[in-house]
Each structure stands twice: as structure tokens, then as C-alpha cells.
Asker: 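Supplied in C-alpha cells, the structure appears directly below.
So you know, we letter chains A, B, ... as the sequences are listed, proteins then strands, and number each from 1.
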Protein chains: 2
Amino acid sequence: MTVSRAERRQRSEQRILGAARTLFAERGFERTTIRAVAARAGVDPALVMQHFGTKDDLFRRAVQAPPPDERAESPEGLVDHLLDTLGLKMGGLSEQSLAMMRSMLTHPDASATARAALGAQIDRLAAGIDAPDARLRAALLTTIMLGVTVGHQLLDIEELRDVPPEELAALLRPVLHALLPA
Amino acid sequence: MTVSRAERRQRSEQRILGAARTLFAERGFERTTIRAVAARAGVDPALVMQHFGTKDDLFRRAVQAPPPDERAESPEGLVDHLLDTLGLKMGGLSEQSLAMMRSMLTHPDASATARAALGAQIDRLAAGIDAPDARLRAALLTTIMLGVTVGHQLLDIEELRDVPPEELAALLRPVLHALLPA
DNA sequence: GGGTTCGCTCAACAACCGTAGAGCGAAAAA
DNA sequence: TTTTTCGCTCTACGGTTGTTGAGCGAACCC
């Protein structure tokens, strides 16, 4: 019944991290206060600082995502992989992705992280596109998916709500294909 | 050489509004302070409140855009009109659009305004699409343009920087067409 | 020209924010 | 058991924020 000290520490760190992710994803960086995170984690605000140092550090920890799986990117599988990106399968995007996206337009740190993440995806995509303007095409593919995700997950546009994932995928497939060279 | 009182009033109101638009567009709502707006307008912070009442009111005034021109929306012209939306022509989007977009993910008011503006565009587009899922297609068209705009104007993705507008339009045209019924 | 209006500034308040340091109590080490 | 460690809370500080009310000076009205 008793819990070891290290265990307690790790456990409350996880609770804080979870609370932070949720609030960052819902309200963004600026509107999320340390106090609110602490309250949601059932913890004193000072403990948050003690664990993560600074609010920016907490944010960095909260949004850091596991490295993307390096699956083989055959040109044909490109579009399918992109459609997965939407988070349509497996119950939506991770909370850390949402948290980062929610803040990427206002928080300089999140903006840089977002640019880096998108840049990485552009790199990955461009490698699978055989055209002189491969990077530009990859960038457009990426921002297109970004836009649909923002509209769907962050702005909650009603026309996209409750649409079966397969229907979205079916409509988007030819769209994405239109950016691949003939 | 002397200026009338009404003239002075209107003049500083415009300066404040301009400063607000610029800062809201650059940093978003939360990171823009009344003091910063006032400083940029060369004015006392209290005057900003006196003119606009509240920071939220100032934001509302700053982002309110002129009503979209009700040009005839022939189904063929749809795509061209959408490409204009990108702000590629005529030196980019208005500062009020950028200000609204910059804050739409974090400020509840801006979020509602953005949803409304996107909803209106979806309506307009859907009217020109002849398909049972016209609204869904219109929503996707809208969010796609949103994504490209966000990536280009707000995140400043380097692959999209300095790309001639015509090149972007040429690549996007088939993309958008892919969402119109055959 | 004298009184009034009013655009504008000055100074300040109350609330909230991120953050730091001292201290408590229980787990760990001796 | 005694001593030490350390996860955690309490309290509080300094700074910034949105916002307000009093007052000044110049344009306005008579």
C-alpha cells in the first residue's frame, strides 16, 4: 500500500505532464497558467516549477513527441502515410501534437518546433517525389494536411465534424495525388 | 496648420487601430499589450481604452474585415476565386485577416470569428458545387487554403518563401479541381 | 474674450502571473 | 531508533497586465 519515494515522484511528474498537455492543447500556451496545470494535477504550483524548472521547459517537455516511425516511404505509399497523419485512424492525434499546433501561431518556441516538425515531414515527403520542385510539392502536401487538421481538430469546423474517416480519406486522396508528378 | 478636434480624434483612432492590427498580426492577441499598441501609436495607454473600451473590443474592431465582394460565383471561377483568397495577388492578405488568423487558435473570440468567416466561405463555395456532399467538399477546399496560408504567411515555411505566386497557383489549381465533382 | 467642452496624459490600483525560499513530514539510510 | 534525505506545500515577492479617475490644456461655442 505504501509507495516508494521515487515512484511517487515519477507518478506526480506524469500527472503534471498529462495536465499540462491537456490544457496546452485546449487553450494554448499563453492562456494556460502554471496554477491551472497544478490544480488539474492535484498538486501545488511550486511543485510544477520544481519538476520542470520553467513554464517554457514544461511546454517543451509536454509537446515533445516520439520520433516519427521511419517506415519505408515508397512513392505509392506516400499518400496513404499522409492520410494517416491526419490522425483519422486510431482515435485522433496525440495530445502533444495538438498542444504544439494550438500554440504554434503565438508562442515563438512552439512556432520554431512546428516549423522543424513540418520541415522534417517535408524532407521525408520530398525524398519520395521525383520532380525538380519536389520540395515545393512536399511543402504544399504538408500544409494542406495541416490546414485540414487545424480546421478539423482545432477549429472544429462543423462540416468536418462527425465525418467518417474513410469518407475524408476518399475525398482527400485525389487531392494529394494531384500534387504528385504525372 | 491647426487641426480640428474631431479630426485629431479620428486621426489618433486610426493610428491606434493600425498599430493594433500590426501587433495582433505579428504576435497574436495574448502577447499584444495595450501598452505596446499605445507606444507604437505614439499615444498614452489610457487613450486606447478611452477609444475602444476594452482590449477585446479593440481586437474586434481591429480584425473586422470589409464584407467579401459578392462577385458572381460561377462553378468554373470557383477555383480562381479561391486562389485569389491566398492573397498571392495584390501584395498579400490584409492585416486584419492575418491578425484574426494569428489568434484564432488561442483566443475564443477570434476562434468564433474565424469559424464564422470560414463558414461563410464554405457556404459560398458549396453553392457552386453540384454534389450531395457539396458542403463537405467546400469545407475541405476552405481548410486546404487555410493550411497553405497559415504555412506561408504565419509560419513562414521556407519552401514556400519567395515562390512566385503563379507557380503556387499552377500547382494548386489541379489540387482544388480534384475536389470538384466530375 | 470668457466659459465650456473634450481629447489627451499622468498616476495609480487591483488582479494575476511566473517564480523562489523556508519549512514540514514521511520515507530512506545509519 | 536516530539521523538524513527529499517530495511536497506554504507563503510571499517582484513584475506585468488591463483598466480607471482626476486633471491639464487647447479647441470650441456664445
Asker: Taking A:Glu7 as the fixed residue, which of A:Arg5, A:Arg11, A:Arg9 is the one that meets the salt bridge (charged side-chain N to carboxylate O under 4.0 Å, His left out) rule?
Answerer: A:Arg11
Asker: A:Asp57 has an atom CG; how far is it from atom P of C:dT19, in whole Å?
Answerer: 8 Å
Asker: Compare side-chain N and O positions of A:Thr54 against OP1 and OP2 of C:dG18 and report whether any pair is under 4.0 Å apart.
Answerer: no
Asker: D:dG7 phosphate, OP1 or OP2: any side-chain N/O from A:Arg8 under 4.0 angstrom?
Answerer: no
Asker: Round to a whole Å and report the spacing from CD of B:Glu7 to P of C:dC6.
Answerer: 17 Å
Asker: Heavy-atom nearest nucleotide on DNA chain D for B:Pro45 versus A:Glu13: which residue maps closer to 5'?
Answerer: A:Glu13
Asker: Within the structure, does a side-chain N or O atom of A:His51 lie under 4.0 Å from either OP1 or OP2 of D:dG7?
Answerer: no
Asker: Closest approach of A:Leu154 and A:Arg102, non-hydrogen atoms and distance?
Answerer: O-NH1, 3.4 Å
Asker: For B:Ile144 and B:Leu179: C-alpha separation, side-chain torsions, deciding distance, then whether side chain to side chain contact (heavy atoms under 4.5 Å, CB included) applies.
Answerer: CA-CA 11 Å; B:Ile144 285 173; B:Leu179 270 171; 3.8 Å; yes
Asker: Kindly say whether, by distance alone, the side chain of A:Arg5 makes a donor-acceptor pair under 3.5 Å with the base of D:dT5?
Answerer: yes
Asker: With DNA chain D as reference, determine whether A:Ala46 or B:Glu30 sits nearer its 5' end, using the nearest nucleotide of each.
Answerer: A:Ala46
Asker: Is there a donor-acceptor pair closer than 3.5 Å between any side-chain N or O of B:Arg27 and the backbone N or O of B:Thr32?
Answerer: no
Asker: Of the candidate nucleotides D:dT20, D:dC8, C:dA12, which contains the atom at the shortest distance from the side chain of B:Met49?
Answerer: D:dT20
Asker: What's the CG-P distance between A:Asp44 and D:dC10, to the nearest Å?
Answerer: 6 Å
Asker: Can you measure B:Gln10 atom CD to C:dG7 atom P for me and round it to whole angstrom units?
Answerer: 12 Å
Asker: Can you check whether B:Arg61 reaches B:Glu13 side chain to side chain, under 4.5 Å on heavy atoms?
Answerer: yes
Asker: Using whole Å, report how far CZ of A:Arg31 lies from P of D:dT17.
Answerer: 15 Å
Asker: With nearest nucleotide decided by heavy atoms, which residue, A:Thr33 or A:Gln50, maps closer to the 5′ end of DNA chain C?
Answerer: A:Thr33
Asker: Within this structure, what is the NZ-to-C1' distance between B:Lys55 and D:dT16, rounded to whole angstrom?
Answerer: 12 Å
Asker: Which listed nucleotide (C:dG7, C:dG18, D:dT9) is nearest to the side chain of A:Val43?
Answerer: D:dT9
Asker: Could you tell me how far apart A:Arg27 (CZ) and C:dC17 (P) are, to the nearest whole angstrom?
Answerer: 10 Å
Asker: CG of A:Leu47 versus P of D:dC10: gap in Å, rounded?
Answerer: 12 Å
Asker: Can you see if the side chain of A:Ser4 gets near the phosphate of C:dA27 - specifically, an N or O under 4.0 Å from OP1 or OP2?
Answerer: no
